[in-house]
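Per chain, numbering begins at 1; letters A, B, ... match sequence-line order.
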Amino acid sequence: MFNTLPGFREFYPQECAKKNAIFSVWKKAAKSFGFSEFEPPVLESLELFTEKSGEEIKSQLFEFVDKGGRAVALRPEMTPSLARMVGAKAGGIRKPVKWFCIGENYRYERQQKGRLRAFYQFNADILGEDSIAADAEIIALLIESLRAFGLGANEFKLRLGDRNLWVLFLEALGLKEDFIVKTLSVVDKIEKVSPEAFFDMMQKNLEGSGLNAEEIAWRCKDFVALKNLESIELCFKKTGSLSAEFSEKLDARIKDWKELLALLASLNVADFISVDMGIVRGLAYYTGFVFEAFQTVGTGRALAGGGRYDNLVKKLGYPDVSAVGFGMGDVTVGDLLELVGKAPSEDTAPQVYAIIGSETLRQKALKVISELRKAGIRSDYSLKAANFGKQFKAADAVGAKYAIIFAEDEDAKAGVKVKNLSNSEESFVEYSCLCELVLKSLPQKM
RNA sequence: GUGGAUGUAGCUCAGUUGGUUAGAGCAUCGGAUUGUGAUUCCGAGGGUCACGGGUUCAAGUCCCGUUAUCCACCCCA
């Protein structure tokens, strides 16, 4: 027999209904923010991903040479494809571009909880708008996309950091540009490794910089712990005398922060936000505000992450287009919803199950069923002759709301008996009124 | 890529110091039941005990290898 490949899921109808329900919540949220859906290809040229993330990424890709000799890879993320699609039409596309996408991504990794080799991700991005308003809009959408499941501020939080402030801070400590980016990826690990390991990494990282690695490490540890703007400003003052030019840059960025927080408050998501310099994101291409959403119950895993990446489109060889976006995985979100008992599921059960009491009435029943279906009512029936008990059992097993009974006695009166399967109430309905009546008693959406 | 734990029916699990034909509940299918389900009773099907090798008179049980899953690393776009 055959098994699924490691890390790949298959969705039986019940799981598929849950997955679809999550997707439709995401879609609805994105559309309510004025985002349009797009869809890039699943298979891309390998180079698109190595260009963005470096050759090392290959070890984590499903990559191979196709029959035409092309080096290709299954997409591990959507962002490079998005950057290409927007970049290719950069001149002729109306800004801001507000696009979202739900698609399966593939990563060749050893699987563990919440991390598979194939997983769906909800991505939303704004391109061509470099104002703080775009950052606020993206962050608000991220939060509303989770809140739409009924999740509250006691269940998840968004930690908001800033690579610009980090760059300024490291500059103030005397680091030169090429050391700054490297140092940021070390700082990203600070919460995940022991203090000793962190000092070691910093030592190695700053080799040849002529700086005191231990002192820098301590200062970074302080900075990571900062959770509000006032203490951040204070921390800068402690680094010593700042040049007028530097102070100006710092003041401008603090002003950006205040603007962003004000916008987020107006967008009604302030409760979910915490200022947190511990968020820097490992990736070199992030350029400004960065953020991660974490569940605050259970394992405290990351649910979504993102930030500003103004240089990516240009790096891929297209015009300079600024960008900010996030990605959210279906596995971690689904696990959290399961944990707190808020997992939604699509209702796929038939609304009506026809009981065909006599085979002589099958033709007539099918005609009525066909009418019901045309009216958008989910309708089902037994494909083979069976007695009443069997058919009722089947109606119950598939979760139907109503049974409509086709039988000689009722047919003589040109109608059917309709039975509400949840309270066992029965009534006689003429064929001509059936559609209307069923629609009326099923006012909820189809 | 590294380390640890686990693998018995579709699912959840029993299975004694190694000992005859590997069990249960749920689920599935059939019947009681040719005008009524969710809530009755009876029955049936379903197993290469993950796969391969070894030890033994005898292996689901012990040993080795492989594979898969889970967990922890690495990495995390």
Side-chain angles (χ1 to χ4, degrees), chain A residues 1-10 12 14 44 48-54 56-61 73-83 105-117 119 121 123 125 185 188-189 191-194 197 201 280-286 290 292 299 301-302 304-307 309 312 323 325-329 331-332 349-350 353-361 382 384-411 416-426:
Chain A
M1 297 302 142
F2 299 97
N3 293 320
T4 54
L5 290 167
F8 281 79
R9 285 177 294 174
E10 54 196 354
Y12 283 87
Q14 205 184 342
E44 292 271 17
L48 178 65
F49 303 117
T50 53
E51 186 65 30
K52 180 197 156 202
S53 312
E56 321 82 69
I57 201 74
K58 273 170 79 170
S59 67
Q60 287 167 60
L61 291 177
L74 288 171
R75 63 184 180 207
E77 58 169 327
M78 300 292 184
T79 313
S81 306
L82 166 68
N105 295 337
Y106 309 87
R107 297 181 187 174
Y108 199 87
E109 295 182 291
R110 186 78 144 255
Q111 61 179 317
Q112 52 182 288
K113 199 172 187 64
R115 269 178 70 186
L116 302 169
R117 287 184 171 181
F119 55 94
Q121 201 167 291
N123 278 261
D125 297 86
S185 51
D188 183 49
K189 307 253 185 309
E191 291 179 2
K192 298 159 196 160
V193 302
S194 67
M201 286 165 75
V280 297
R281 311 274 293 162
L283 266 86
Y285 73 79
Y286 282 113
V290 286
E292 286 178 24
T299 51
R301 275 194 327 218
Y309 53 100
L312 182 63
F326 71 83
M328 183 183 292
V331 181
T332 44
Y353 195 98
I355 310 284
I356 301 169
S358 156
E359 282 304 302
T360 57
L361 292 167
S382 172
K384 61 183 176 193
N387 64 37
F388 270 73
K390 264 260 164 354
Q391 294 190 62
F392 270 101
K393 255 182 199 153
D396 183 58
V398 298
K401 320 268 182 303
Y402 290 92
I404 57 175
I405 303 155
F406 293 85
E408 306 288 0
D409 293 355
E410 286 77 10
D411 186 55
V416 291
K417 205 182 265 181
V418 175
K419 178 168 181 175
N420 180 333
L421 289 170
S422 43
N423 62 14
S424 295
E425 275 172 23
E426 293 188 0

Chemist: Whole angstroms only, please: what is the CG-C1' distance between A:Asn420 and B:rG37?
Modeler: 12 Å

Chemist: Say we look at B:rU12 and B:rC70: how far apart would their P atoms be, to the nearest angstrom?
Modeler: 13 Å

Chemist: List in chain and number order the residues that pass side-chain hydrogen bond (donor to acceptor under 3.5 Å, both in side chains) with A:Arg9, two or more places apart in sequence or in another chain; answer none if no residue qualifies.
Modeler: A:Asp330

Chemist: Going by side-chain hydrogen bond (donor to acceptor under 3.5 Å, both in side chains), name the residues that satisfy it together with A:Arg281, two or more places apart in sequence or in a different chain.
Modeler: A:Tyr286, A:Glu292

Chemist: Using atom C1' in both nucleotides, what's the gap between B:rG45 and B:rG10 to the nearest angstrom?
Modeler: 13 Å

Chemist: Could you tell me the separation between the CD atom of A:Glu425 and the P atom of B:rA38, rounded to a whole number of Å?
Modeler: 19 Å

Chemist: Under the 3.5 Å rule, do the base of B:rC76 and the side chain of A:Arg281 count as making a donor-acceptor pair?
Modeler: no

Chemist: Is the number of heavy atoms from other residues, nucleotides or ligands under 6.0 Å of A:Tyr108 OH greater than 12?
Modeler: no

Chemist: Go through the N and O atoms of the side chain of A:Ser422 and the base of B:rA38, and report whether any donor-acceptor pair is under 3.5 Å.
Modeler: no

Chemist: Categorize A:Pro6 for me: base, sugar-phosphate, or nothing, with a 4.0 angstrom heavy-atom threshold over every strand shown.
Modeler: sugar-phosphate

Chemist: Under a 3.5 Å distance rule, please check whether A:Arg107 uses its side chain to pair with a backbone N or O of A:Pro76 as donor and acceptor.
Modeler: yes

Chemist: With RNA chain B as reference, determine whether A:Leu5 or A:Phe49 sits nearer its 5' end, using the nearest nucleotide of each.
Modeler: A:Leu5

Chemist: Go nucleotide by nucleotide along RNA chain B from the 5' end; which of A:Leu116 and A:Tyr285 gets its closest nucleotide reached first?
Modeler: A:Leu116

Chemist: Find the distance A:Asp396:CG to B:rU39:P and express it as a whole number of Å.
Modeler: 8 Å

Chemist: Work out how far the P atom of B:rG19 is from that of B:rC29, and round it to whole angstrom.
Modeler: 37 Å

Chemist: Quantified in whole Å, what is the C1' atom distance between nucleotide B:rA22 and nucleotide B:rC13?
Modeler: 14 Å

Chemist: Rounded to whole angstrom, note down the P distance from B:rU16 over to B:rC11.
Modeler: 22 Å

Chemist: If the condition is side-chain hydrogen bond (donor to acceptor under 3.5 Å, both in side chains), which residues does A:Asp188 pass it with, not counting sequence neighbours?
Modeler: none

Chemist: In whole Å, measure the gap between the C1' atoms of B:rC41 and B:rU33 for me.
Modeler: 12 Å

Chemist: Sticking with atom C1', work out how far B:rG46 lies from B:rU40, rounded to a whole angstrom.
Modeler: 25 Å

Chemist: Taking only the C1' atom of each, what is the distance from B:rU66 to B:rG30 in whole angstrom?
Modeler: 42 Å

Chemist: Without decimals, in angstroms, what is the distance between A:Ile57 CD1 and B:rC74 C1'?
Modeler: 14 Å

Chemist: May I have the distance from A:Lys401 (atom NZ) to B:rA38 (atom C1'), rounded to whole angstrom?
Modeler: 14 Å

Chemist: If you measure from CD1 on A:Ile356 to CZ on A:Phe388, what distance do you get to the nearest 0.5 Å?
Modeler: 10.5 Å

Chemist: Can you measure A:Ile355 atom CD1 to B:rG37 atom P for me and round it to whole angstrom units?
Modeler: 10 Å

Chemist: Salt bridge (Lys or Arg N to Asp or Glu O under 4.0 Å) with A:Glu426: which residues, sequence neighbours excluded?
Modeler: A:Lys417, A:Lys419

Chemist: Would you tabulate the nitrogen or oxygen pairs shorter than 3.5 Å linking the protein to nucleotides 26-36 of chain B?
Modeler:
unit_1 : atom_1 : unit_2   : atom_2 : d
B:rG31 : OP2    : A:Lys390 : NZ     : 3.2
B:rU34 : OP2    : A:Asn387 : ND2    : 3.1
B:rG35 : O6     : A:Asp409 : N      : 3.4
B:rG35 : O6     : A:Asp409 : OD2    : 3.2
B:rG35 : N1     : A:Glu410 : OE1    : 3.1
B:rG35 : N1     : A:Glu410 : OE2    : 3.4
B:rG35 : N2     : A:Glu410 : OE2    : 3.1
B:rG35 : N2     : A:Lys417 : NZ     : 3.2
B:rU36 : O2     : A:Lys419 : NZ     : 2.6
B:rU36 : O2     : A:Glu426 : OE2    : 3.3
B:rU36 : N3     : A:Glu426 : OE2    : 2.8
B:rU36 : O4     : A:Lys417 : NZ     : 3.3

Chemist: Please name all residues satisfying side chain to side chain contact (heavy atoms under 4.5 Å, CB included) with A:Ala386, sequence neighbours left out, ordered by chain then number.
Modeler: A:Ser382, A:Lys390, A:Gln391

Chemist: Listed by chain and number, what are the side-chain hydrogen bond (donor to acceptor under 3.5 Å, both in side chains) partners of A:Glu109, not counting sequence neighbours?
Modeler: A:Arg115

Chemist: Rounded to the Å, how far apart are A:Arg301 CZ and B:rC71 P?
Modeler: 9 Å

Chemist: Out of B:rC75, B:rG3, B:rG37, which nucleotide sits closest to the side chain of A:Ser424?
Modeler: B:rG37

Chemist: Would you give the length of the straight line joining atom CD1 of A:Ile57 to atom CD of A:Glu77, rounded to the nearest 0.5 angstrom?
Modeler: 7.0 Å

Chemist: Which whole-number value in Å describes the distance from A:Asn423 CG to B:rA38 P?
Modeler: 16 Å

Chemist: For RNA chain B, what string of dots and brackets results from 5' to 3' when Watson-Crick and G-U pairs need both distances under 3.5 Å, crossing pairs get [ ], and pairs with another strand get |?
Modeler: (((((((..((((.....[...)))).(((((.......))))).....(((((..]....))))))))))))....

Chemist: Which part of the nucleic acid does A:Gly7 contact within heavy-atom distance under 4.0 Å: base, sugar-phosphate only, or nothing?
Modeler: sugar-phosphate

Chemist: Does B:rG37 have its OP1 or OP2 closer than 4.0 Å to a side-chain nitrogen or oxygen of A:Gln391?
Modeler: no

Chemist: Sequence neighbours left out, what passes ring pair (Phe, Tyr, Trp, His ring centres under 6.0 Å) with A:Phe49? Give chain and number order.
Modeler: none

